[in-house]
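Shown next, in structure tokens, is the structure this report addresses.
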Amino acid sequence: MRITDLLRPQSIRLQAAEAHRDAVLEALIGLQAAGGHLADEGAYRAAILAREAQGTTAIEAGIAVPHAKTDAVESPGLAAMTLARGVDWGALDGAPSDLFFMIASPPQGNVHLEILSRLMVLLMDRSFADRLRAARTPEEFLEAIDRAEAEKYGAPAGEAAPRAAAGPRVLAVTACPTGIAHTYMAAEALEKAGRQLGIPVKVETNGSGGVKNALTAAEIAAADGIIVAADKKVDTDRFDAKPVLFVPVADGIHKAAALVQRAAAGDAPIHRSAGGAPQDAPAGEGLARRTYKDLMNGVSHMLPFVIGGGILIALAFLLDTFDPSDPANFGMGTPVAAFFKTVGNAAFRFMLPVLAGYIAMSIADRPGLVAGFVGGSLAASGISFATVTGGADPVASGFLGALLAGFAGGYFMLAVKKLCERLPRSLEGIKPILLYPVTGVLFMGLFVCAVGPFVGALNHGLINFLESLGGASKILLGAVLGGMMSIDMGGPFNKAAYVTGTGAIATALEAGLGQGAIEYRMMASVMVGGMVAPIAIALCTTFFKSKFTPEERKSGPVNYIMGLCFITEGAIPFAAADPLRVIPSCVAGSAVAGALSMAFGCGLMAPHGGVFVFPVVTHVAGYAASLAAGSAVGMALLAALKKDRAA
């Protein structure tokens, strides 16, 4: 949408004489009404004043852009005004404001963000702003905007848009569920591809430490195309009406050059953020892919609670003395241990609500959050219709129940949102504060009460089955979990094993199982399997240098650090260069490590951390031996399979 599509001559006033801020606002509101954009002028005035109360809308260089997004707006619109003498608007540079654009936006969509970003890009050109100030008629004012907009974004027919060479032509967002390795590897690959192709690229990373290198509204407005390489939900509402490529984060690593070329050419579907569909799910994205992203969104938000709580609980066991006469009190026998255990348990109690809440939010956006949180909490409590009436004891449905509640709550709220689109516009304001939360909470109560007992029975059946496994079966389970971690090194197989391990921890803690439970052993097999691949490659580059190129020899030792930190993705560049030899070697080594860990009875309550959590591993000597043996096997196989390379 172009600026001149929203700005009419009757909504422009030039060289006005208003002497203070309130008078300017009142005049601009009148211009909006004159343009026919408002359904309720009084309500729009209240929305504008509320926005101004939050902080100044002034920009440097004498420009201010008051705006409001409200159901008092009939249709998106602009009003513009220049002053003969500027007024104080609280700008950071202290300069008085004399050039104003007021934006009116309805609640649906984000027209105000699109127009605001376009205005900011154009107004960065001081000569353009000066032409607007010098305009003597609305037609001259509109003609200046139209000419500048055509030069920057192309003619309405869709000609290529000229831009400043220094600005990024391609933008990207990268994100993976854990936010540790894939996120930054994809960012580096995309930036490197841009440099090689001579295409300026800027990448925003959504990592475990938060958003870094955030994209600005001006950059988004000026970009040729955008790449979203993510395996979890990211904010894509801001990309409305831009060409956007949605791909797995692994494609950002392996197909970076092709993605940058497509984005620079604008070869991508136009993204539309409005509507009921998940906002980062492009049309045509498969159900399996959407489900995976929704699940990973929940897991990525759950992990900090599991890691923090798990390590503190493990420390409590480490600092306590086991009393065979009172095994239930283990971890609470001393004041220090009791402190760690109490705090760790508090963190763990958030785990299932957070998992379900963010799965539901990934599906239905904010309306899904409350439904998911309540569903996860009810799943953890073991509520049912029988327990409510006092006819039965609670049976927690645990991790499986929270997963089911997250997806059920998300899709239910998505359906509610679609139904509410048919309600009158006057009820728009009560949907997020009344209709969505009440219907969501009520549905989750009914759903979990009805389904919870069956999932709880399944949950306990799985626990009993795992605990009944014999020695050989446990070792085989450890080998499978460990080996899966190296099949795709951060892809779906790797994440399936990892989620199985974290789910096992959650199940064991919910059931109050002791340190020797097989669920903790499963997580130990998963982590040691994930550490083997990069360490095996690092060992091979150290002791069998002739098997690698000079560049690989230089980068190989970095994998010691990545492997010891449980970052399997360090092995990806080597696997991509020689998959038929590297992947089988790493899978075999990881399977050996996982099997030995299970055989030694090693247990782990923390789902991440690598060597940094070894102090809280049960049978840590056996765990270190498992890691060493698996890494040695992987190294030996890799050395045997790879051919010598030229020096």
Side-chain angles (χ1 to χ4, degrees), residues 232-233 276 278-279 290-291 293-306 308-309 345-420 429-460 499 502-503 505-507 509-511:
K232 67 175 186 179
K233 184 180 177 66
Q279 297 196 3
R290 292 199 301 271
T291 301
K293 289 173 70 174
D294 297 335
L295 172 62
M296 288 299 106
N297 193 62
V299 170
S300 66
H301 284 89
M302 175 193 77
L303 279 179
F305 297 91
V306 182
N345 283 337
F348 254 96
R349 279 194 289 271
F350 287 101
M351 180 180 60
L352 297 184
V354 167
L355 172 69
Y358 281 95
I359 288 174
M361 186 177 182
S362 180
I363 296 168
D365 209 3
R366 289 185 63 181
L369 187 63
V370 65
F373 261 90
V374 171
S377 181
L378 293 175
S381 71
I383 190 174
S384 68
F385 291 121
T387 62
V388 171
T389 58
D393 294 326
V395 180
S397 53
F399 187 79
L400 293 177
L403 280 178
L404 187 60
F407 282 103
Y411 283 110
F412 174 78
M413 291 311 301
L414 197 60
V416 170
K417 286 173 65 179
K418 288 184 179 295
L419 289 173
C420 286
I430 70 168
K431 289 195 293 189
I433 63 172
L434 178 63
L435 297 181
Y436 293 157
V438 171
T439 55
V441 171
L442 177 60
F443 169 77
M444 291 315 304
L446 295 171
F447 179 82
V448 175
C449 281
V451 176
F454 301 101
V455 181
L458 175 62
N459 202 43
H460 282 266
V499 171
T502 55
I505 290 178
T507 299
L509 286 164
E510 285 292 325

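Just so you know, these numbers come straight off a predicted model, no measurement behind them. Here, residue 1 is the first one in the sequence, and each next residue gets the next number.
- Contact of the M296 side chain with the V499 side chain is registered, since non-hydrogen atoms from C-beta on lie closer than 4.5 Å.
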Show me the donor-acceptor pairs within less than 3.5 Å that the side chains of residues 370-383 make with the rest of the protein, sequence neighbours left out.
from: S381; atom 1: OG; to: L378; atom 2: O; distance (Å): 2.8
from: S381; atom 1: OG; to: I383; atom 2: N; distance (Å): 3.4

Please report, to 0.1 Å, the donor-acceptor pairs under 3.5 Å made by any side chain of residues 433-441, with sequence neighbours excluded.
from: T439; atom 1: OG1; to: L435; atom 2: O; distance (Å): 2.6
from: T439; atom 1: OG1; to: Y436; atom 2: O; distance (Å): 3.2

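- With sequence neighbours excluded, the residues that form a side chain to side chain contact (heavy atoms under 4.5 Å, CB included) with A386 are S384, A392.
- Closest heavy-atom contact between H301 and V354: O-CG1, 3.5 Å.
- Every residue meeting the side chain to side chain contact (heavy atoms under 4.5 Å, CB included) condition with R349, not counting sequence neighbours, appears here in chain and number order: N345, A346.
- Atom CG of L403 is separated from atom CG of D294 by 11.5 Å, given to the nearest 0.5 angstrom.
- Residues F454 and L458 fail the side-chain proximity criterion, which asks for heavy atoms closer than 4.5 Å.
- Between atom CG of residue D365 and atom CE of residue M413 there is a gap of 11.0 Å, rounded to the nearest 0.5 Å.
- Side-chain contact between L355 and M351: absent, with no pair of heavy atoms (C-beta onward) separated by less than 4.5 Å.
- Across all non-hydrogen atoms, the minimal contact from A360 to G368 is CB-O, 3.1 Å.
- Nearest heavy atom pair, residue L369 against residue G357, reads CD1-O, 3.6 Å.
- Atom CD1 of I359 and atom NZ of K293 lie 14.5 Å apart (nearest 0.5 Å).
- Considering CD1 of I363 and CZ of F407, their distance stands at 5.5 Å, rounded to 0.5 Å.
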All N/O donor-acceptor pairs, side-chain side in residues 445-452, below 3.5 Å, sequence neighbours left out:
none

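- Residue pairs meeting the salt bridge (charged side-chain N to carboxylate O under 4.0 Å, His left out) criterion with at least one partner in residues 430-442, sequence neighbours excluded, are E428-K431.
- Every residue meeting the ring pair (Phe, Tyr, Trp, His ring centres under 6.0 Å) condition with F350, not counting sequence neighbours, appears here in chain and number order: F305.
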